[in-house]
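Structure incoming, see below.
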There are 2 protein chains.
Amino acid sequence: MVSSKDVAKMAGVSQSTVSRVLNNPASVKPVTRNKVLNAMKELSYHPNLIARSLVTNSTRTIALITGTLYNGFFVETTNSIINLATSRGFKTLVYFEGAMKLRDVFDSLRGQKVDGILLSSITLDDPMFEEIKRSQIPYMMFNRRPRDGGNYVVLDNLLAGEIITRHLLDLGHQRIAYISGETNVSTFFERKLGVQKALSEAGTSLQPELFHVIDTNPTDVEKVTLKLMHMSQPPTAILCATDAMAFACMDAILSLGLRIPDDVSLAGIDDISMASHHAIQLTSVGHHKFRMGEIAAENLIEMIEHGFSPDHPRQIVLQPELVIRKTTGRKK
Amino acid sequence: MVSSKDVAKMAGVSQSTVSRVLNNPASVKPVTRNKVLNAMKELSYHPNLIARSLVTNSTRTIALITGTLYNGFFVETTNSIINLATSRGFKTLVYFEGAMKLRDVFDSLRGQKVDGILLSSITLDDPMFEEIKRSQIPYMMFNRRPRDGGNYVVLDNLLAGEIITRHLLDLGHQRIAYISGETNVSTFFERKLGVQKALSEAGTSLQPELFHVIDTNPTDVEKVTLKLMHMSQPPTAILCATDAMAFACMDAILSLGLRIPDDVSLAGIDDISMASHHAIQLTSVGHHKFRMGEIAAENLIEMIEHGFSPDHPRQIVLQPELVIRKTTGRKK
DNA sequence: CTGAAAGCGCTTACAG
DNA sequence: CTGAAAGCGCTTACAG
């Protein structure tokens, strides 16, 4: 491998000068600079970024710890995060939730000297939150947040749950099923609170046989959907805690030969882009245009470049918007 | 930051010994080893992987250069690639096609000392291909390949194009439109060849007014679909070169109030998982079960760990399977 | 504007 | 089984 020492020798200068033309070209005389530049080209020299990182203690790399791409929401955030990071000259190391324990990912990240961390994968009372704060590495959580404190950008999930439930109530639905993910996660915890709030304001409540907390994978959603629709008195509307779950739910409903919304109304939360496809037309509530991924990445990079104080956390809450499409209808 | 020197001091041993308990614990006496281990825990020591990489010349990191996640095909490969890499102890640096020039990505990768490269983003006559080979970095291409040579895993795209076209011909369609991506990319080049082959075997050919080569983004697909359906004599079937394009095409057809397949048949290529959703039911041809992403990652890691010879390239061609769903029907 | 020297935090022969 | 020394390829004061 050709090193800056080789370039220096060929150009007849010192290694320091080679380093300068790389990092502060204005500080070296044009004639010298050109000699160095030519030697670099001649030897097709590529500076060893590892060596540079060791001394500068910066890698221009961020880590993204995200929920699975089988959830279209994370496809969108992953896409915008990586694109934004790239445009700002950062590389992105991607980790999927569940493939490794958060604690191991985090230990590895410390050794790797990433400049910042973006994560969606944190539970309400996650013990890792303290460690992350203690590590002093700039971080930004998105979509989910710990019970209190920290830097994050999230949807107003309580309001989202409330709005979408009220929409179903307004259509005359009384038997509303709610399929949720585990409530040790802020999104599911808060969305459920919103659902309950809207129901109680309507003088009713979440009925135990219509409320299911499950793993969010398509198979489990399908199973519980079949169970619901096979009840002696099935729900007239099903609300899923995410659009990704609503897609799986829709798949199961249609597989039964039932029609949406004629036989059962269906709604989701997140308003991901596939929801607007003409073959889907899912009623949902979300924040599509606010670009949560970009907000997260932008704030993180600002913290990396301009410093941050733990005393002034960045807490951004996006307002949800109801988007009524074709999967919800008046109760017959 | 606490370094191995601090650990050594606290444990009363040399830095070499600290390094040994990390890399070859069996070679150090249990008593000594425990003293070191305790010191590490006490100081909550995390070895600096950057420093290690500088001397071992290995980063346990691979780079993935992939097409956009707005194409569901790449969602699936990205997901399986990162999961497989993680399970083998590799980190994954992700780059999206288009966000940076391939040449810049590649220059950056050299400096970063990634252990291997996985890329879908290469054109038939891409000048970068020579550079990649010359760099000696293990690499594996997937989905697309250069005109000749190299390590890759691809679908038999010609056969795929042929099979799906024959399916449409068998249903009695004669006015078959074909919407393709740029043919300087192997997938589109070969799929088109397959389409032409099937048509010519049926005594017909690709008619210029029904053949469109466009950028694969949804907006352009929708535009060309509208143009097609507004012809005085519209096609009775539309074939899209990828499922992702077919989804956009479907969206446009449905927005016109037309029914699929009653008014027009629609088919794609890739057989991505969303194609089987009951609200979509897209007829397609692909290799779903062969897990292209995993094959690519597995081969790359094998090359990294056991070496590779440019004289024996790894060239894997997956056989396509036709999956007839609900979007294609007999010509009326 | 440029060079010599030290140092970033590891690993790796080498010697004992 | 363990330690002292050198070195990986850069950058960064410091001096001139």
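Throughout, a chain's letter reflects where its sequence line sits, starting with A, and its residues are numbered from 1. Scope of the values below: all heavy atoms of this structure, side chains included, with no hydrogens, waters or symmetry mates.
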For this session: Could you tell me the separation between the NZ atom of A:K9 and the P atom of D:dG9, rounded to a whole number of Å?
Result: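 Atom NZ in A:K9 sits about 12 Å away from atom P in D:dG9.
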
Exercise. Quick one: are B:E131 and B:P127 in side-chain contact, heavy atoms under 4.5 Å?
Worked result: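 Counting from C-beta outward, B:E131 and B:P127 never come under 4.5 Å.
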
Exercise. Using a cut-off of less than 4.0 Å, is there contact between a side-chain N or O of A:S14 and OP1 or OP2 of C:dG3?
Worked result: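 Yes.
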
For this session: Nearest whole angstrom, please: distance from the C1' of C:dT11 to the NZ of B:K5.
Result: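 After rounding, the reported distance stands at 14 Å.
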
For this session: Would you write the dot-bracket representation of DNA chain D, where each base gets (, ), [, ], | or . depending on whether it forms a Watson-Crick or G-U pair under 3.5 Å and with which partner?
Result: |||.||||||||.|||

Problem set entry | Over-ring placement of B:R147 relative to B:F189, 6.0 Å and 45° cut-offs |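 Yes; both conditions hold, so B:R147 lies above the ring face of B:F189.
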
Exercise. Heavy atoms, side chains only, cut-off 4.5 Å: are B:L109 and B:I65 in contact?
Worked result: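 A side-chain contact under 4.5 Å exists here.
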
Problem set entry | Electrostatic pair A:E305-A:R60, nearest N-O below 4.0 angstrom |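 Salt bridge flag = yes for A:R60 with A:E305.
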
For this session: Under 4.0 Å from any atom of DNA chain C, heavy atoms only: list the residues of residues 16-25 of chain A that qualify, in numerical order.
Result: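 Here the set is A:S16, A:T17, A:R20.
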
For this session: Answer yes or no: does a side-chain N or O of A:S4 lie under 4.0 Å from OP1 or OP2 of D:dC10?
Result: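 Yes, A:S4 has a side-chain N/O under 4.0 Å of OP1/OP2 on D:dC10.
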
Problem set entry | Sidechain-backbone polar pair: B:D115 side chain, B:T59 backbone, donor-acceptor under 3.5 Å |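 The answer is yes, because a donor-acceptor pair under 3.5 Å joins these two groups.
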
For this session: Determine, for B:E190 against B:R145, whether the closest basic-nitrogen to carboxylate-oxygen distance falls under 4.0 angstrom.
Result: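 Counted as a salt bridge, because a side-chain N and a carboxylate O are separated by less than 4.0 Å.
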
For this session: Could you say whether B:L54 or A:V55 is positioned toward the 5' end of DNA chain D, judged by the nucleotide with the nearest heavy atom to each?
Result: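 By nearest-heavy-atom nucleotide position, the 5'-most residue is B:L54.
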
Problem set entry | B:F106 side chain near B:L119 side chain, heavy-atom distance below 4.5 Å |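 Not touching, per the 4.5 Å side-chain cut-off.
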
For this session: Measure the distance from CG on B:N57 to C1' on C:dT12 and round it to the nearest whole Å.
Result: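 Between C1' of C:dT12 and CG of B:N57: 14 Å.
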
Exercise. Is there a residue in residues 26-51 of chain A whose heavy atoms reach under 4.0 Å of DNA chain C, and which residues are they?
Worked result: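 The stretch gives A:S27, A:V28, A:K29, A:T32 as the residues lying under 4.0 Å from the strand, ordered by number.
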
For this session: Could you state the atom-to-atom distance from CD of B:Q15 to C1' of D:dA4 in whole Å?
Result: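 So the CD-C1' distance, B:Q15 to D:dA4, works out to 11 Å.
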
Exercise. Does B:E97 pair with B:R144 as a salt bridge, N-O distance under 4.0 Å?
Worked result: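 Yes, this pair counts.
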
Exercise. In this structure, which one of B:T77, B:I316, B:I122, B:N151 forms a side chain to side chain contact (heavy atoms under 4.5 Å, CB included) with B:F142?
Worked result: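 Exactly one candidate clears the test, B:T77.
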
For this session: Tell me, yes or no, whether the heavy-atom count around B:K133 atom NZ, taken from other residues, nucleotides or ligands under 6.0 Å, exceeds 12.
Result: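 Buried by this count: over 12 neighbours within 6.0 Å.
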
Exercise. Expressed in angstrom and rounded to an integer, what is the separation of A:Q112 atom CD from C:dG9 atom P?
Worked result: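 Distance check: A:Q112 CD to C:dG9 P gives 17 Å.
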
Exercise. What is the distance from CZ of B:R52 to P of D:dG9, rounded to the nearest Å?
Worked result: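 Between P of D:dG9 and CZ of B:R52: 18 Å.
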
For this session: Take atom CE of A:M1 and atom P of D:dG9, then tell me their distance rounded to the nearest Å.
Result: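 So the CE-P distance, A:M1 to D:dG9, works out to 9 Å.
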
Exercise. With distance as the sole test, does A:S53 use its side chain to make a donor-acceptor pair with the main-chain N or O of A:S58 at under 3.5 Å?
Worked result: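 Yes; judged by distance alone, with no hydrogens or angles, the pair exists.
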
